[in-house]
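The block underneath contains the structure these notes are about, expressed in structure tokens.
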Amino acid sequence: MEFSLIARHFTRAAPGAVLGVGDDCALLAPTPGMQLAVSTDMLLEGRHFAPQDSPAGLGHKALAVNLSDLAAMGATPRWATLAIALPTEDDAWLTAFTRGFFRVAEQYGIELVGGDTTRGPLTLSVTVIGEVPPGEALRRDGARPGDDVWVSGVIGSAAAALAYRQGRLFMEQVDAARVLPALYLPTPRVELGLALRGLASAAIDISDGLLGDLGHILERSGVGATIEFAALPVLPVLHKYLHEDVARECVLAGGDDYELCFTAPAARRDAVLAAAQQSGVAATRIGRITAEAGLGVLDSDGKPMQIDKTGYDHFAA
Ligand code: ADP
Ligand code: MG
């Protein structure tokens with residue numbers, strides 16, 4: 001693509017880089033002694049977003065979902081690259097897209113230092129680079145029997161918004177308006193991830209649904225867990241739809257919320273709550289890590305709910 005398009009839309013000052021956009025490579029000087037945390041996430045039209053979605057929202061989401069991976073690792077965001085395929089050179093679209101992208105970038109102190117721009121079906125691929133002190137990253141393999149299982153914020157909102165948009169979940173319009181921002185404007189829990197360094201034994205961000213993502217922690221840690229459905233934090237407007245299978249499925253196995261699911265020793269409960277409060281987000285204890293493998297979900301009577309290993313089957317009445 002034309003260099004002027006890159007200059008117009010993607011070139012910003014990057015004082016945290018030795019050299020940013022404009023040369024063959026960016027040059028980065030990591031803070032001495034820090035480890036780099038690197039992650040890439042792609043968004044494809046038709047799979048992760050719809051053609052009519054707002055470009056500013058897409059700019060926000062493309063970066064936010066990547067920042068969420070840094071958050072889940074307890075890494076400080078530093079630099080990003082953006083590979084973008086565009087069907088046409090649409091200046092208005094790009095102006096809106098970069099407005100959303102750079103607003104999030106400024107908020108979390110991450111700098112765009114390079115990328116690639118090409119013609120093709122709309123595709124967004126962001127790579128983020130963060131820093132973490134050696135040994136302090138929040139990995140998936142550190143959960144131990146007896147640890148508490150926690151989630152940040154509320155879950156199920158993004159999946160409920162998608163189900164509403166697809167006509168699979170009926171909601172009153174005022175209620176739908178409360179869940180839709182979770183789908184279009186996710187908040188990466190960067191501050192919480194940082195505050196959980198040295199506190200959480202394992203962490204993951206919930207991109208594919210609570211059961212599946214917690215399952216990754218269990219598998220990597222060689223443990224199991226029991227969680228309580230009634231303890232799961234859900235927006236009040238979603239509560240009144242939980243008698244519907246689809247809504248319960250959104251909470252247990254819906255994706256796209258980008259909240260953190262993490263484990264911590266039971267002795268650190270107060271410290272976890274203080275870390276969450278300091279980060280401006282709720283943290284809710286939803287269950288416990290067990291020595292026996294497997295993930296069980298208990299209903300409000302303490303009876304096991306029917307769950308299959310892909311996340312969700314259907315629930316016993
Ligand atoms: P090259 O042919 O060497 O790959 P490009 O013309 O693709 O160079 O890119 C020129 C410069 O612009 C490079 O520094 C590259 O990192 C940057 N760049 C290209 N596209 C983007 C983008 N979408 N976002 C940020 N930087 C970009
Ligand atoms: Mg290139």
Side-chain angles (χ1 to χ4, degrees), residues 1-31 34-73 75-132 183-188 190 205 207 256 258:
M1 284 255 179
E2 247 190 288
F3 194 76
S4 70
L5 179 143
I6 297 169
R8 274 201 309 282
H9 294 290
F10 299 114
T11 308
R12 295 278 201 289
V18 178
L19 191 62
V21 171
D23 212 311
D24 298 309
C25 290
L27 293 175
L28 309 174
T31 308
M34 296 290 257
Q35 291 180 342
L36 297 179
V38 182
S39 179
T40 301
D41 256 320
M42 287 179 75
L43 296 183
L44 305 185
E45 186 174 283
R47 184 174 171 85
H48 300 102
F49 60 88
Q52 69 273 18
D53 285 357
S54 114
L58 278 179
H60 173 110
K61 190 163 177 175
L63 185 54
V65 302
N66 278 276
L67 285 167
S68 178
D69 283 314
L70 291 179
M73 214 66 193
T76 306
R78 293 294 312 271
W79 307 286
T81 62
L82 165 68
I84 181 168
L86 293 163
T88 56
E89 224 174 272
D90 183 339
D91 266 303
W93 191 94
L94 278 166
T95 300
F97 174 84
T98 50
R99 185 170 6 100
F101 186 96
F102 284 112
R103 190 184 293 150
V104 174
E106 275 159 35
Q107 191 178 345
Y108 294 95
I110 194 164
E111 297 179 340
L112 184 68
V113 295
D116 200 19
T117 308
T118 182
R119 209 179 289 276
L122 187 56
T123 306
L124 304 163
S125 176
V126 174
T127 296
V128 286
I129 305 173
E131 293 186 324
V132 62
L183 182 59
Y184 295 113
L185 300 170
T187 303
V190 172
D205 66 319
S207 54
D256 256 10
Y258 300 100

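Counting convention: from 1, in listed order, for ligands and their atoms alike. These numbers come from the heavy atoms of this one structure, side chains and all, not from hydrogens, waters or symmetry mates.
- When the options Phe97, Phe10, Phe3 are ranked by their closest heavy atom to atom 24 (N) of ligand 1, first place goes to Phe10.
- Residue Leu70 forms a side-chain contact (heavy atoms from CB on, under 4.5 Å) with just one option from Val128, Ile129, Thr76, and that option is Val128.
- Contact atoms of ligand 1 toward Leu112: 24 (N), 25 (C) (distance under 4.0 Å to a heavy atom of the residue).
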### Message
Apply side chain to side chain donor-acceptor pair (under 3.5 Å) to residues His9 and Asp91 and explain how you reach the verdict.
### Response
CA-CA 9 Å; His9 294 290; Asp91 266 303; 2.5 Å; yes
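- Between Thr98 atom OG1 and Arg8 atom CZ the span is 10.5 Å, to the nearest 0.5 Å.
- Under 4.0 Å from ligand 1, heavy atoms of Asp116 appear from its side chain as well as its backbone.
- Between Glu45 and Leu124 there is no side-chain heavy-atom pair separated by less than 4.5 Å.
- In terms of modelled atom types and a separation under 3.5 Å, the side chain of Asp205 and the main chain of Ser207 share no donor-acceptor contact.
- Residue Thr117 has at least one heavy-atom neighbour below 4.0 Å for each of these atoms of ligand 1: 19 (C), 20 (N), 21 (C), 22 (C), 23 (N).
- Between Cys25, Ala80, Gly115, it is Gly115 that holds the heavy atom closest to atom 19 (C) of ligand 1.
- Of the polar atoms of Val21, none of the N or O atoms is found under 3.5 Å from an N or O of ligand 1, judged by distance alone.
- Residue contacts with ligand 1: Ile6 is placed with no nitrogen or oxygen under 3.5 Å of a nitrogen or oxygen of the ligand (distance criterion only).
- Within ligand 1, the atoms closer than 4.0 Å to a non-hydrogen atom of Ile84 are 23 (N), numbered from 1 in the order shown.
- A salt bridge is absent between Lys61 and Asp41: the closest approach of a Lys/Arg side-chain nitrogen to an acidic carboxylate oxygen does not fall below 4.0 angstrom.
- Remark: the backbone N or O of Ile6 is paired with a side-chain donor or acceptor of Thr11 at under 3.5 angstrom.
- Per-residue contacts place Asp24 under 4.0 angstrom from the following atoms of ligand 1 (heavy atoms of the residue considered): 3 (O).
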